[in-house]
2 protein chains.
Amino acid sequence: MAAPSLRRRSPVSLRDCNLSKSFELIGDRWTLLILRSAFWGLRRFDDFQADIDVPRSVLSNRLAGLIESGIMERREYREAGQRARVEYPLTRMGQALGLPFMAMTAWGDKWLGGGTSPLTLRSKSTGQKFSVALVDEGGRRAKGSDIEMVIAPRFERKRRR
Amino acid sequence: MAAPSLRRRSPVSLRDCNLSKSFELIGDRWTLLILRSAFWGLRRFDDFQADIDVPRSVLSNRLAGLIESGIMERREYREAGQRARVEYPLTRMGQALGLPFMAMTAWGDKWLGGGTSPLTLRSKSTGQKFSVALVDEGGRRAKGSDIEMVIAPRFERKRRR
DNA sequence: TCTCCTGAGTCTACAATCCAGACTCAGAGG
DNA sequence: CCTCTGAGTCTGGATTGTAGACTCAGGAGA
């Protein structure tokens with residue numbers, strides 16, 4: 001992505017912007033960390049609490065928000081001979097956050113991790129590494145200078161400058 | 001990304017996790033919104049303030065953090081015949097956040113926007129749409145069931161279960 | 001039966017942030 | 001000299017966050 005030219009105002013209003021809507025749901029440090037744990041397969045209240053050391057009341061609060069957003073769900077389950085437990089699995093909507101999270105991870109690996117990547121994604125069948133990329137319909141990677149942002153006319157705000 | 005199997009603890013500690021490090025830098029609603037505006041090309045204090053309606057003291061604070069992280073920089077500049085002004089452009093490190101942001105936008109379009117996308121990315125040369133995807137080295141899209149997470153041994157934490 | 005343990009929370013009192021809105025300050029322009 | 005603009009800082013009340021204790025229910029073990 002190349003450096004954008006100067007603008008005085010976003011061409012899409014916050015109200016119409018799906019990016020800002022998603023920040024409202026998950027744009028909070030604890031929420032993001034809870035989701036990180038969830039991607040590793042954690043599902044239980046106390047496990048989340050211990051894993052990221054979040055205050056219990058905050059965890060309770062954030063889980064409620066994630067459930068309300070439809071990103072996680074609350075489910076009672078019972079293992080044989082055990083009492084009922086509660087688990088918080090990701091919904092399909094939540095699982096779909098995997099891609100943005102992988103992209104963030106790659107960014108972190110490059111700019112914060114000194115190039116080290118604790119985690120990589122690989123193909124089970126071919127063993128090839130996977131990476132997140134901006135590609136066209138044929139799978140060709142986009143070149144920074146060839147990318148054009150197009151705003152759907154019905155969302156576009158009059159440009160002040 | 002398929003549903004992960006139950007775990008009790010993240011296999012990579014928060015300390016080693018580049019994802020959680022990046023959340024520390026930008027995992028905050030205002031910071032994320034400031035970056036969104038920056039991707040549209042906004043660069044000036046008052047413009048950010050008006051665009052997302054952030055309290056001035058918070059904006060000041062968040063910009064300082066972004067500069068300290070190396071995501072933005074503070075630069076004085078002077079247009080002909082004007083007094084010196086200050087601008088906050090994205091650094092290359094900041095511009096590299098474009099990909100995660102595009103991935104989040106696509107997620108928001110799908111799950112929050114009722115399928116409407118105010119913004120699309122297109123190739124200037126071929127006119128094809130670009131999208132964010134997990135691809136192998138040849139540009140073939142990954143299938144959810146074919147993805148394997150590999151943890152670099154020196155980062156892996158003993159598994160409790 | 002009585003007691004202990006665990007999972008899943010809630011409650012409380014104190015601390016840290018946030019926020020709206022007023023204020024400051026310097027350099028043009030009229 | 002007065003006003004405007006950009007780029008902030010300051011203030012004090014309102015909101016959130018935090019650590020840690022507490023609750024409550026259902027098994028398990030003695």
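All of these numbers come straight from a predicted model, not from anything done at the bench. A note on names: the letters A, B, ... follow the listed sequences, proteins ahead of strands, and every chain is numbered from 1.
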Atom pair distance, as rounded to whole Å: [atom1] in [X] and [atom2] in [N]:
{"X": "B:Leu63", "N": "D:dG8", "atom1": "CG", "atom2": "P", "answer": "8 Å"}
{"X": "A:Leu59", "N": "D:dT18", "atom1": "CG", "atom2": "P", "answer": "12 Å"}
{"X": "A:Asp51", "N": "C:dA8", "atom1": "CG", "atom2": "P", "answer": "14 Å"}

Does the side chain of [X] get closer than 4.0 angstrom to OP1 or OP2 of [N] through an N or O atom?
{"X": "A:Arg78", "N": "D:dG27", "answer": "yes"}
{"X": "B:Ser57", "N": "C:dC19", "answer": "no"}
{"X": "A:Tyr88", "N": "C:dG9", "answer": "yes"}
{"X": "A:Arg85", "N": "D:dA25", "answer": "no"}

Strictly distance-based, threshold 3.5 Å: is any side-chain N or O of A:Ser123 a donor or acceptor partner for the main-chain N or O of A:Thr126? yes
Which sits closer to the 5' end of DNA chain D, A:Gln82 or A:Trp30, going by the nucleotide each is nearest to? A:Trp30
Would you mind telling me which residue lines up with the more 5' stretch of DNA chain D, A:Arg56 or A:Arg83, judged by nearest nucleotide? A:Arg56
Do the side chains of [X] and [Y] get close enough for a salt bridge, i.e. N-O under 4.0 angstrom?
{"X": "A:Asp51", "Y": "B:Arg8", "value": "no"}
{"X": "A:Glu148", "Y": "B:Lys124", "value": "no"}
{"X": "A:Arg15", "Y": "B:Asp53", "value": "no"}

Starting the side chain at C-beta, find the nucleotide from D:dG6, C:dC19, C:dG9 nearest to A:Arg8. D:dG6
Determine the contact category for B:Arg62: base if any of its heavy atoms lies under 4.0 Å from a base atom, sugar-phosphate if only primed atoms, P, OP1 or OP2 are that close, otherwise nothing. sugar-phosphate
Contact class for A:Phe48 (heavy atom, under 4.0 Å): base, sugar-phosphate, or nothing? nothing
